[in-house]
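Here the structure is laid out as structure tokens; the discussion comes afterwards.
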Amino acid sequence: MATIPTLSYPEFDESVIHHLLTTPLPVTADLFEVTDLCTAYVNVLLETKDLSARLALCGRLSHVLARLAQLCDEDLPPELVAQLTVDEPPESTMPDCWQDTYLMVGYLRSLNQALLGNKLPGKVAEDLAGLLHDMVYILRDYVREPYRTH
């Protein structure tokens, strides 16, 4: 009987964490760049076991999510509008009840704040970090869905 090897990802090293924690959020970052940065934080957050690093990542993610909330209230720059414009937009994969990006960002901020409070039992914190990760990816994919027609 053959065994199937499992994939394992080593814990992110300190240089990746240091880079994420010390690189400033560019003032000019657009919606796509900010959602990409959010995905970077949640990826590293899931793989990091050190509590102080996790809290620092959540702190920085809090800052980036605040910027994301601002961007949800702003008009998209023309270059992003061009990327989101197609002849026939596909049907959205996002449920109608979640298509308000500002509401989704609010959920993400609340999940992150719960983790940042560091008062949750270990398994609950782990599950919420996973939920935060998945929701960030859902939002990132949603904001990139074409929705405008020529």
Side-chain angles (χ1 to χ4, degrees), residues 5-85 89-90 92-148:
T6 58
L7 296 175
S8 66
Y9 299 97
E11 189 171 315
F12 284 91
D13 64 30
E14 290 181 23
S15 65
V16 172
I17 295 170
H18 177 76
H19 176 73
L20 281 175
L21 295 177
T22 58
T23 302
L25 175 62
V27 175
T28 59
D30 64 32
L31 182 64
F32 290 2
E33 293 166 326
V34 171
T35 56
D36 284 343
L37 189 54
C38 287
T39 61
Y41 280 109
V42 295
N43 283 336
V44 175
L45 179 65
L46 277 188
E47 297 296 327
T48 302
K49 304 302 177 213
D50 178 69
L51 180 60
S52 60
R54 290 177 59 85
L55 291 174
L57 289 164
C58 285
R60 288 289 294 161
L61 180 58
S62 180
H63 174 71
V64 176
L65 289 171
R67 179 66 182 130
L68 184 56
Q70 291 172 341
L71 288 170
C72 288
D73 282 341
E74 296 176 6
D75 291 334
L76 292 174
E79 64 273 8
L80 294 188
V81 171
Q83 291 180 43
L84 298 172
T85 304
S92 179
T93 59
M94 181 69 83
D96 289 341
C97 62
W98 282 10
Q99 289 191 359
D100 178 351
T101 54
Y102 194 79
L103 178 66
M104 284 289 292
V105 172
Y107 292 158
L108 295 173
R109 293 175 82 180
S110 293
L111 284 169
N112 188 60
Q113 193 64 38
L115 294 171
L116 194 54
N118 195 32
K119 303 268 188 227
L120 302 168
K123 176 67 172 133
V124 173
E126 183 180 318
D127 289 347
L128 288 183
L131 179 60
L132 177 64
H133 172 275
D134 294 351
M135 288 184 69
V136 164
Y137 270 87
I138 290 169
L139 181 62
R140 187 210 54 187
D141 292 346
Y142 174 64
V143 300
R144 285 175 167 77
E145 284 183 1
Y147 70 97
R148 297 178 55 112

Shortest non-hydrogen contact from [X] to [Y]?
X: Val64; Y: Cys38; value: CG1-SG, 3.5 Å
X: Leu20; Y: Tyr41; value: O-OH, 2.7 Å
X: Pro146; Y: Pro90; value: O-CD, 3.9 Å
X: Leu80; Y: Leu76; value: CD1-CD2, 4.2 Å

So, taking the atom named [atom1] in [X] and the one named [atom2] in [Y], what distance separates them when rounded to the nearest 0.5 Å?
X: Leu45; Y: Thr39; atom1: CG; atom2: OG1; result: 12.5 Å
X: Ile17; Y: Arg60; atom1: CD1; atom2: CZ; result: 13.5 Å
X: Leu65; Y: Cys72; atom1: CG; atom2: SG; result: 10.0 Å
X: Leu68; Y: Thr101; atom1: CG; atom2: OG1; result: 7.5 Å

With [X] via side-chain hydrogen bond (donor to acceptor under 3.5 Å, both in side chains) - residues at least two apart:
X: Asn118; answer: none
X: Ser52; answer: Asp50
X: Arg54; answer: none

* With distance as the sole test, does Tyr147 use its side chain to make a donor-acceptor pair with the main-chain N or O of Leu84 at under 3.5 Å? -> no
* Under the salt bridge (Lys or Arg N to Asp or Glu O under 4.0 Å) test, residues paired with Asp100 that sit two or more places apart -> none
List the atom pairs, with distances to 0.1 Å, where a side-chain N or O of residues 103-115 and a protein N or O form a donor-acceptor pair under 3.5 Å, not counting sequence neighbours.
| residue | atom | partner | partner atom | Å |
| --- | --- | --- | --- | --- |
| Ser110 | OG | Gly106 | O | 3.1 |
| Asn112 | ND2 | Cys58 | O | 2.9 |

Name every donor-acceptor pair, under 3.5 Å, that has one atom in a side chain of residues 121-140 and the other anywhere in the protein, sequence neighbours excluded.
| residue | atom | partner | partner atom | Å |
| --- | --- | --- | --- | --- |
| Lys123 | NZ | Asp127 | OD1 | 2.8 |
| His133 | NE2 | Asn43 | OD1 | 3.0 |
| Tyr137 | OH | Asn43 | OD1 | 3.2 |
| Tyr137 | OH | Asn43 | ND2 | 2.8 |

Scan the side chains in residues 23-30 for donor-acceptor partners under 3.5 Å anywhere in the protein, sequence neighbours excluded, and list what turns up.
| residue | atom | partner | partner atom | Å |
| --- | --- | --- | --- | --- |
| Thr23 | OG1 | His19 | O | 2.7 |
| Thr23 | OG1 | His19 | ND1 | 3.2 |
| Asp30 | OD1 | Phe32 | N | 2.9 |
| Asp30 | OD1 | Glu33 | N | 2.8 |

* Assess whether side chain to side chain contact (heavy atoms under 4.5 Å, CB included) is satisfied between Leu51 and Leu55, documenting all intermediate values. => CA-CA 6 Å; Leu51 180 60; Leu55 291 174; 4.1 Å; yes
* Any pair counted as salt bridge (charged side-chain N to carboxylate O under 4.0 Å, His left out), so long as it reaches residues 71-83, sequence neighbours left out ->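 Pairs touching residues 71-83 that pass the test: Arg67-Glu74.
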